[in-house]
Amino acid sequence: MALLEVRDLRTGYGHVPVLHGVSFSVDEGETAVMLGLNGAGKTTCMLAVAGLLRRWGGEVLFDGRPVGKHQDSRAMTRLGVVLVPEGRHVFPGLSVQNNLRLGAWPVRRHPRKVKANTDRVFDVFPLLAERRHQLAGTLSGGEQQMLALGRGLMGSPRLLLIDEASLGLSPVLAQQVFQAARRINSEGVTVLMVEQNAGALSLADRALLMQKGRIAMEGSGADLMSESALRQAYLGAPA
Ligand SMILES: Nc1ncnc2c1ncn2[C@@H]1O[C@H](COP(=O)(O)OP(=O)(O)OP(=O)(O)O)[C@@H](O)[C@H]1O
Ligand SMILES: [Mg+2]
């Protein structure tokens with residue numbers, strides 16, 4: 001069953017449209033990967049789903065229920081939709097531990113859940129446990145990305161939206177981020193990842209190609225990997 005369903009989503013900035021009717025769904029338990037070039041509208045789509053950007057039109061359904069146009073990011077977080085934003089946005093002057101605590105906002109009234117989520121984050125990212133007292137601003141780029149993912153997990157997400165987690169990381173670190181996403185998904189969290197790195201297709205139960213504010217292709221990760229059109233349109237290789 002679809003945990004997230006997006007139908008004919010239209011939005012943009014000011015008077016400039018960016019998404020021209022985007023439709024897709026993500027089933028509960030899946031990892032979906034959305035690929036697309038710079039400026040295709042991937043982040044815009046994530047922001048609209050996370051309630052950080054108003055929809056101009058179309059519908060979003062979460063767990064079968066329509067999400068109102070005025071449901072903001074707080075409301076979405078309460079439903080279990082958590083965004084790990086592009087650019088990480090960790091709080092540099094706060095320790096690793098305090099950054100994680102901020103991520104626990106949706107479950108702050110349930111200390112046992114906060115503790116269980118912290119244990120889970122430290123289990124998935126042992127490095128964060130080692131560095132729990134270090135200021136986030138002094139972590140390396142890869143470590144900050146792990147922290148951003150860990151902070152997302154602290155909110156007990158049902159759907160984790162991960163926007164370009166591999167951006168600016170070495171191939172080895174990008175693989176580590178993908179492995180972490182796989183692990184998170186294997187523990188029952190549905191994942192929607194935005195990527196420019198086609199290596200993420202190996203994780204994808206469902207793959208989507210965003211082009212100029214529209215979903216240009218959809219299939220399994222393997223389908224999209226073998227699509228000559230994808231290679232031509234997205235990777236720039238001959239068909
Ligand atoms: N805050 C904003 N104000 C005005 N236009 C914006 C804003 N944010 C994004 N845009 C425009 O919307 C379009 C889509 O941008 P978006 O950030 O969604 O692309 P993207 O697919 O995430 O790209 P990238 O891979 O570079 O992150 C671009 O033309 C961009 O210039
Ligand atoms: Mg983006």
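Counting begins at 1 with the first residue of the sequence. None of the values given here were measured: they were computed from a predicted structure. Start at 1 and go down the list; that is how both ligands and their atoms are numbered.
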Return yes if a side-chain donor-acceptor contact under 3.5 Å exists between S166 and E195, otherwise no. yes
Looking only at heavy atoms, what is the nearest atom pair of [X] and [Y], with distance?
X    : Y    : value
R108 : V114 : CA-CG2, 4.4 Å
A136 : N99  : CB-ND2, 3.3 Å
N185 : G29  : ND2-O, 3.1 Å

Residue contacts for ligand 1, heavy atom to ligand atom, distance under 4.0 Å: Y13, V18, L37, N38, G39, A40, G41, K42, T43, T44, E86, E164, Q196
Report yes or no: does E143 contribute a side-chain atom to a donor-acceptor pair with the main-chain N or O of S140 at less than 3.5 Å? yes
Whether the side chain of T31 engages the backbone of A204 through a donor-acceptor N/O pair (distance < 3.5 Å, no angle test) should be reported. no
Test salt bridge (charged side-chain N to carboxylate O under 4.0 Å, His left out) applied to R74 - qualifying residues, sequence neighbours left out: none
Restricting to N, O or S, what is the name of the atom of E86 that lies nearest the Mg ion (ligand 2)? OE1
Let me check your reading of the structure: within less than 2.8 Å of the Mg ion (ligand 2), is there an N/O/S atom from M46? no
